[in-house]
Amino acid sequence: PETIQLNAIQDTFDIAILLGGYSNFDIVPNQDRHNFNYRANRFTNTYELYKKGLAKKILITGGSGEVFNQSKSEAKMSRLLLLRLGVPDEDIILEPESRNTYENGLFTKKILQERFPNATCLLLTSAWHMPRSHAIFKKLKIPVTPVCVDYLSENTRYGPEEFLQPNRHGFYHWEMLIKEWVGYIVYKLRGFL
């Protein structure tokens with residue numbers, strides 16, 4: 001999808017929709033802090049847009065993607081962090097039940113229809129996740145402006161370590177890419193896209 005860069009956003013949007021998947025509840029200690037995984041930019045870039053006044057509200061969508069332990073909702077935990085960072089509660093919209101990207105869109109649509117029917121919305125997620133996410137929102141007829149964050153590409157570095165050892169992140173990136181391809185195919189077959 002055609003996306004815009006953060007620095008190209010000039011207009012103020014009513015809502016920044018933040019897709020979950022950026023927290024790590026397995027890191028300890030965790031009772032007194034919000035721990036992030038590699039996708040923390042989803043959260044920090046959304047917060048930055050809010051602080052700059054380019055998004056009036058933040059809609060956090062995401063419950064627990066865990067199969068067995070669904071006790072922690074990422075949206076609820078993120079709300080607590082935003083409150084600690086000084087965001088007023090009235091500027092935080094929660095969708096704490098979704099377990100996957102399709103449900104993110106489905107449950108967000110219900111909130112927007114009921115409470116914010118004409119809102120202008122940004123959709124923020126990782127660049128590699130945006131094609132599937134935006135396709136879902138488009139299929140559900142949720143008008144959003146996609147903003148890719150959390151890019152994986154880096155400038156090429158030339159140093160001895162680059163030539164002597166394999167890049168350990170390569171396996172992780174392939175794992176994410178394959179997961180996203182499989183997700184896209186499954187969602188297409190199920191009619192979600």
After noting the C-alpha distance and the side-chain angles of I17 and F137, does the key distance pass the side-chain contact (heavy atoms from CB on, under 4.5 Å) rule? CA-CA 11 Å; I17 301 170; F137 276 71; 4.1 Å; yes

Using side-chain contact (heavy atoms from CB on, under 4.5 Å), reason through V186 and F192 one step at a time and then give a plain yes or no. CA-CA 9 Å; V186 169; F192 294 166; over 6 Å; no

Kindly indicate, with the supporting measurements, whether the criterion side-chain contact (heavy atoms from CB on, under 4.5 Å) is fulfilled by V149 and R42. CA-CA 6 Å; V149 297; R42 291 185 190 185; 4.1 Å; yes

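Scanning both residues, A135 and Y184, for their nearest heavy atoms gives CB-OH, 4.3 Å. The shortest heavy-atom contact between T3 and C148 is CG2-SG, 3.4 Å. What you find for R39 and Y22 is that their closest heavy atoms are O-CB, 3.2 Å. Shortest non-hydrogen contact noted between E97 and F107 is C-CE1, 4.0 Å. The minimum heavy-atom distance between A16 and T46, with the atom names listed, is CB-CG2, 3.9 Å. Across every non-hydrogen atom of S133 and L19, the tightest pair is OG-CD1, 3.4 Å.
By the rule that hydrophobic residues join a cluster once side-chain heavy atoms approach within less than 4.5 Å of another member, L122 and L59 end up as members of separate clusters. In the hydrophobic clustering of this structure, Y38 groups with W128; members are Ile, Leu, Val, Met, Phe, Trp, Tyr whose side-chain heavy atoms approach within less than 4.5 Å, directly or through other members. Hydrophobic clustering (side-chain heavy atoms under 4.5 Å, transitive across Ile, Leu, Val, Met, Phe, Trp, Tyr) groups L140 together with F116. One hydrophobic cluster holds both F13 and L54 under the rule that ILVMFWY side chains link at heavy-atom gaps under 4.5 Å. Note on L106 and V144: same hydrophobic cluster, where clusters join Ile, Leu, Val, Met, Phe, Trp and Tyr whose side-chain heavy atoms are under 4.5 Å apart, directly or indirectly.
Looking only at side-chain heavy atoms (C-beta outward), I15 and I58 stay at 4.5 Å or farther from each other. K139 is not listed as a side-chain neighbour of L193, based on a closest heavy-atom distance of 4.5 Å or more. Counting heavy atoms from C-beta on, the side chains of L112 and C121 come closer than 4.5 Å.
Looking at residues two or more places apart in sequence or on another chain, you find a side chain to side chain donor-acceptor pair (under 3.5 Å) between D150 and S126.
Atom CD1 of I60 sits about 9.0 Å away from atom CZ of R79, to the nearest 0.5 Å. Taken to the nearest 0.5 Å, the NZ atom of K179 stands 7.5 Å off from the NE2 atom of H129. Atoms CG and CG, on L80 and L85 in that order, are 11.0 Å from each other to the nearest 0.5 Å. Here the CG atom belonging to N41 is positioned 15.0 Å from the OH atom belonging to Y47, to the nearest 0.5 angstrom. Note that CG of L124 is 12.0 Å distant from CZ of F43, once rounded to the nearest 0.5 Å. Of the inter-residue distances, the one linking K56 atom NZ with I93 atom CD1 reads 11.5 Å to the nearest 0.5 angstrom.
In summary, E48 and K52 engage in a salt bridge, as defined by a charged side-chain N under 4.0 Å from a carboxylate O.
Geometric assessment of R132 against the ring of Y187 yields a positive cation-pi assignment under the 6.0 Å and 45° thresholds.
One N or O on the side chain of T120 and one on the backbone of D14 form a donor-acceptor pair closer than 3.5 Å. No donor-acceptor distance shorter than 3.5 angstrom exists from the side chain of N24 to the backbone of F36, with no hydrogens or angles considered. In this structure, the side chain of S73 engages the main chain of P96 through a donor-acceptor pair within 3.5 Å. Of the possible donor and acceptor atoms, none in the side chain of E95 sits under 3.5 Å from a partner among the backbone N and O of I111.
Within 6.0 Å of CG on N118 lie no more than 12 heavy atoms contributed by other residues, nucleotides or ligands. No more than 12 heavy atoms of other residues, nucleotides or ligands lie within 6.0 Å of NZ in K138, so this atom counts as exposed by the packing criterion. Annotation for R190: atom CZ does not count as buried by contact number, only 12 or fewer foreign heavy atoms lying within 6.0 Å.
The aromatic rings of H34 and F25 stand perpendicular to each other, their planes meeting at an angle above 60°, with 30° marking the opposite boundary.
When the options T101, N104, T125 are evaluated for a side chain to side chain donor-acceptor pair (under 3.5 Å) with T61, the one that passes is N104.
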